[in-house]
Amino acid sequence: MDNKNMGNWEHELKNKLGDHKEATDSRDLDTFMDKLDNNDFFEPKGNNMSGVLAFLGGVLIAGAAIWMLNGENSNDLEPEISPVIETQTIKTPIIISKDMETVLEGADSVGVKETSMDEDTIPAEEYLVEEKIEETQKVKHDAKDKKDVGPISNSDNSEDEPKVLPALRKRIVIISTDTTVVADTTHVKHRTREKRKK
Amino acid sequence: MKEEFTDQMIELLKKKDRKAVQEIYELYSPVLLAICMRYFKRRDVALDAMHEGFMKALNSMGSFKNQGSFEGWLKRIVVNHCLDTLKKEKKYQHQEIEEFHAIQEDEVEDKTIDKKDINEKKIDVSFVRDAELTSSEIIEEIHKIPELYSIVFVLFVLEEFTHGQIAAQLGIDEEASRTRLTRARKMVKKALYKRSIAVLGK
């Protein structure tokens, strides 16, 4: 330090300015704290916590994913077993539409009573066929015997084949959609060519 | 008492404790801002420099070994930051400006003061003492002289830097530092004398 060269007035100046303080207020402090926050000065604590939380969250998600995958795999390994459907013999009379005359003949042989309803009086909803008609044609026994005989085979050699109930016999419901929708077009304005006035 | 207080604080500062930072700021910011005001005329610029310097100090708390004064360590970091800021602005690195200011200063004619009175030898320093200029008024007068000289004056007189240190900090040679100090002294003395006369004249 070569401050020996300093004059007395400089020493006085130094002493005076050495004690000098510039007042700071709470706004200055807030500005400073904001700067520290923006520079992530207080980061470590928060980061550790968030890091731990993120890690735990990740572990949970991964665990859930593994658990779900395992569940799917175990399902895949099990053989698919279709539920046993018990079929019921049809006792109710079959309602047949107009164009099924041939079927009616077959139905007679089964013993199904034809309902005496006019074609016009039959409501549209009742044009339903609840069972395959082919099956009814091939029945050669009376309806009473049907219960005793058991299942009906499609093959001609019924006696040769073992009489085993079919595993699956799904009900087929055919719904006729004869209803016609008539749209109200009264509100539609048709284009008309304007006749040019001559 | 301040040192005892900071001994406890230092450990908390190393742990980046929010409350400790606030307390340290409230304790040292007035002193540090006063230091920054020696280098920057505007308070907002000085405050910004102080904040940056303070942040540097807080970020390098690990390097503080409790051997010296914490206040001295903090002041040195803030002063260095002020000089770095000025260096970036290249306010005192142009040698040609130095010559320009020297000529300009010699040619200045102040009609309010007799030229004989401006002579350094004849300036009565007691005037400055009698005028009882405040610290802010003195700093104001120092800022009136070109930055090129005022910085050397502040570093030598107020921060007690050697010419070697000043030369290293400002990137100039020691001879240039001495020359600038001689001119700075004249200018500061003159400025303070003028201000004292103005105050006493009232």
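Computation of the quantities below employed the complete heavy-atom set of this structure, encompassing side-chain atoms and omitting hydrogens, waters and symmetry-equivalent molecules.
Taking the six-membered ring for Trp and thresholds of 30 and 60 degrees, A:Phe32 and B:Phe54 have ring planes inclined between 30 and 60 degrees apart.
Summarising the geometry, atom CD1 belonging to B:Ile138 is positioned 5.0 Å from atom CG belonging to A:Leu17; distances are rounded to the nearest 0.5 Å. Going from atom CZ of A:Phe41 over to atom NZ of B:Lys16 covers 5.0 Å, rounded to the nearest 0.5 Å. Taken from CZ in B:Phe156 to NZ in A:Lys14, the straight-line distance is 12.0 Å, to the nearest 0.5 Å. Atoms OG1 and CG, from A:Thr31 and B:Asp48 in turn, are 9.5 Å apart once rounded to the nearest 0.5 Å.
The minimum heavy-atom distance linking A:Leu29 with B:Tyr25 is given by the pair CD1-CD2, 3.3 Å. Minimum interatomic distance between B:Ser29 and A:Thr24 (heavy atoms only, all atoms of both residues): OG-OG1, 2.8 Å. The shortest non-hydrogen separation linking B:Val157 to A:Glu10 is CG1-O, 3.8 Å. Heavy atoms only, all atoms of each residue included: B:Lys189 and A:Trp9 are closest at CE-NE1, 3.6 Å.
For residues 24-36 of chain B, no pair satisfies salt bridge (charged side-chain N to carboxylate O under 4.0 Å, His left out), with sequence neighbours left out. The salt bridge (charged side-chain N to carboxylate O under 4.0 Å, His left out) pairs that include a residue from residues 30-45 of chain B are A:Asp28-B:Arg43, B:Arg38-B:Glu159, B:Arg42-B:Asp44, where partners are two or more places apart or lie in different chains.
For the pair B:Asn59/A:Asn39, no side-chain contact is recorded, criterion being any heavy-atom separation below 4.5 Å from C-beta on. Looking only at side-chain heavy atoms (C-beta outward), A:Glu22 and B:Cys36 stay at 4.5 Å or farther from each other. B:Met37 places none of its side-chain heavy atoms less than 4.5 Å from the side chain of A:His20.
Of the possible donor and acceptor atoms, one in the side chain of A:Lys16 sits under 3.5 Å from a partner among the backbone N and O of B:Leu133.
Of the atoms belonging to B:Leu192, it is side-chain heavy atoms, and not backbone ones, that fall under 4.5 Å from chain A. If you measure heavy-atom distances from A:Asp37 to chain B, the contacts under 4.5 Å come from the side chain alone. Proximity to chain A (any heavy atom under 4.5 Å) is shown, for B:Met55, by both the backbone and the side chain.
Comparing B:Leu181, B:Leu33, B:Ile35, B:Val188 by how many heavy-atom pairs each has under 4.5 Å with chain A, the most go to B:Leu33.
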